Amino acid sequence: MENQEFGRAVRRWRERLSPQLAGLPAGPRRRATGLRREELAGLAGISVDYLTRLEQGRATSPSGQVVEALARGLRLADPERDLLFRLAGLSAPGPGVVPGRITPSVQRLLDRLGGVPLVVYDAAWNLITANAPYDALMGDTSALRGNDRNAVWRNVVGVGSRAVQTPAEHDTQVERLAADLRMTASRYPRDPGLRRLVAELCAASPRFAELWNGPAGPAPVEGSRHKVVEHPSVGPITVDCDTLVVAGDDLRVMVYTAEPGSPDAQRLDSRSSSAPSPWPPSHRLTARRRGRGTGRQPPGRGPGWLRPGSADVSRT
């Protein structure tokens with residue numbers, strides 16, 4: 001890693017980015033025209049101390065996940081992102097890896113929806129980011145570690161979530177998840193992280209192993225968008241969960257809403273309004289954290305193209 005050059009580049013890009021362009025309030029009595037160090041740390045989900053050491057060249061070997069998070073927080077264009085990877089001594093992930101990049105255009109979309117609970121996953125259902133209203137509704141995502149940050153693992157063998165399911169609904173959910181992950185594996189057969197996830201799922205869940213090793217079934221059918229979230233403070237909240245797929249980057253944006261004017265909407269609003277800000281640090285990254293790589297945009301669709309659909313992860 002070119003220690004000094006990496007840090008100088010991060011600081012230079014941080015100082016040129018205004019809070020408004022980063023989706024943050026400028027606030028009164030602000031001297032800095034760009035982002036404060038703590039603001040970028042929050043956007044990237046790393047500690048201020050770690051960012052300081054990176055900028056000063058005292059921290060070496062940032063992981064690809066950290067570099068990707070910094071590029072996302074800095075709203076870097078693709079050439080600048082590639083340069084940041086090179087300065088870190090890394091290669092930007094290639095087309096054979098599950099994409100995990102949130103492009104600036106998609107980030108602007110997320111900023112506009114900042115008051116609505118939403119979470120972003122990659123094609124293998126690894127959590128990329130969640131906003132504060134989502135954490136207020138579903139629980140703090142910063143508490144998730146390792147495989148529990150993957151929605152398939154969490155639903156099949158892990159801690160689950162606040163969404164309520166019957167045993168029959170859960171079994172159907174596992175079938176949909178296995179089928180959806182199989183489709184992802186067929187698109188990214190060389191992704192080592194995806195292969196590792198599948199191996200660990202098969203080892204931990206006989207049911208998943210049976211589904212994975214059995215004959216391929218039909219494409220997964222979207223489940224009910226209606227979910228009941230058992231919230232510890234306000235009780236059950238019935239919500240609609242819609243999944244938008246960013247086709248060019250193979251991301252899943254899950255958005256939670258309730259019928260306007262209903263008691264559920266009031267309970268949902270009370271949770272969302274209690275969140276401190278739309279995009280706090282939803283998770284902490286470290287130089288050694290296991291993460292998902294990113295890929296280049298495949299041809300045919302722009303990065304901002306959205307379509308509803310994909311397998312429904314009803315307990316995420």
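Every value quoted in this text rests on a predicted model; they were computed, and no experiment measured them.
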Return the set of residues passing salt bridge (charged side-chain N to carboxylate O under 4.0 Å, His left out) with R187 (not counting sequence neighbours), or none when no residue passes. D250

Would you say R101 and T103 make side-chain contact, with heavy atoms under 4.5 Å? yes

I'd like to know if D78 and R81 make a salt bridge, using a cut-off of under 4.0 Å between side-chain N and carboxylate O. no

Work out which heavy atom in A22 is nearest to a heavy atom in L17; give both atom names and the distance. CB-CD2, 3.9 Å

Identify the two heavy atoms, one from A9 and one from L87, that lie closest to each other, and give their separation to 0.1 Å. CB-CD1, 3.7 Å

In this structure, CZ of R176 is separated from CG of L211 (nearest 0.5 Å) by 12.5 Å

Does any non-hydrogen side-chain atom of Y256 lie less than 4.5 Å from one of P133? no

Would you please name every residue forming a side chain to side chain contact (heavy atoms under 4.5 Å, CB included) with A199, sequence neighbours left out? none

Taking the side chain as every heavy atom from C-beta outward, state whether I237 and V228 have any atom pair closer than 4.5 Å. no

What are the two closest heavy atoms between G114 and N131, and how far apart are they? O-ND2, 3.3 Å

So D122 and R252, do their side chains get closer than 4.5 Å, heavy atoms only? no

side-chain hydrogen bond (donor to acceptor under 3.5 Å, both in side chains) against E210, all qualifying residues, sequence neighbours excluded: R207

Quick check: do L40 and V10 have side-chain heavy atoms less than 4.5 Å from each other? yes

Does the N213 side chain pair with the main chain of A209, one donor and one acceptor, at a distance under 3.5 Å? yes

Would E68 and R72 pass as an ion pair if we require N to O under 4.0 Å? no

Quick one: closest heavy-atom pair of M254 and C241, and the distance? CE-SG, 3.3 Å

Would the distance check show the side chain of Q173 and the main-chain N or O of H170 forming a donor-acceptor pair, the cut-off being under 3.5 Å? no

Any donor and acceptor pair, going by atom type alone, linking the side chain of D264 with main-chain N or O of T238 inside 3.5 Å? yes

Between E80 and R16, is the salt bridge (Lys or Arg N to Asp or Glu O under 4.0 Å) condition met? List the steps. CA-CA 13 Å; E80 294 171 329; R16 80 173 184 186; 2.9 Å; yes

Treating R37 as the side-chain partner and D49 as the backbone partner, does any N or O pair qualify as donor plus acceptor under 3.5 Å? no

Nearest 0.5 Å please: distance from the CD atom of E38 over to the OG1 atom of T52. 9.0 Å

Set of residues satisfying ring-ring contact (aromatic ring centres under 6.0 Å, His included) with respect to W212, sequence neighbours excluded: F208

Using every non-hydrogen atom in the two residues, find where D148 and G158 come nearest and quote the distance to one decimal. OD1-CA, 3.9 Å

Regarding N155 and W125, is there a side-chain donor-to-acceptor distance under 3.5 Å anywhere? no

Could you check if a side-chain atom of R75 sits within less than 4.5 angstrom of a side-chain atom of W13, using non-hydrogen atoms only? no

Exam field: side chain D249 to backbone P99, donor-acceptor pair closer than 3.5 Å: no

Could you check whether any side-chain N or O of R195 sits under 3.5 Å from a backbone N or O of R190, counting only pairs where one atom can act as donor and the other as acceptor? yes

Can E39 and R14 be counted as an ion pair, charged N to O under 4.0 angstrom? no

Could you check whether any side-chain N or O of T184 sits under 3.5 Å from a backbone N or O of A123, counting only pairs where one atom can act as donor and the other as acceptor? yes

Just checking, any donor-acceptor pair under 3.5 angstrom between side chains of T141 and D135? yes

Any donor and acceptor pair, going by atom type alone, linking the side chain of S205 with main-chain N or O of C202 inside 3.5 Å? no

Has T172 got a side-chain atom pairing as donor or acceptor with A168's backbone, closer than 3.5 angstrom? yes

Can you spot which of I128, V98, V245 makes a side chain to side chain contact (heavy atoms under 4.5 Å, CB included) with L251? I128

Flag side-chain contact, heavy atom, 4.5 Å: L54 against F6: yes

Please list all pairs passing the salt bridge (Lys or Arg N to Asp or Glu O under 4.0 Å) test where one or both residues lie in residues 123-133, with sequence neighbours left out. none

Ring pair (Phe, Tyr, Trp, His ring centres under 6.0 Å) partners of residues 90-117, not counting sequence neighbours, each pair once: none

How long is the gap from CG on L43 to CG on L70, to the nearest 0.5 Å? 10.0 Å

Between H231 and L268 (side chain of the first, backbone of the second, donor and acceptor by atom type, cut-off under 3.5 Å), is there such a pair? no

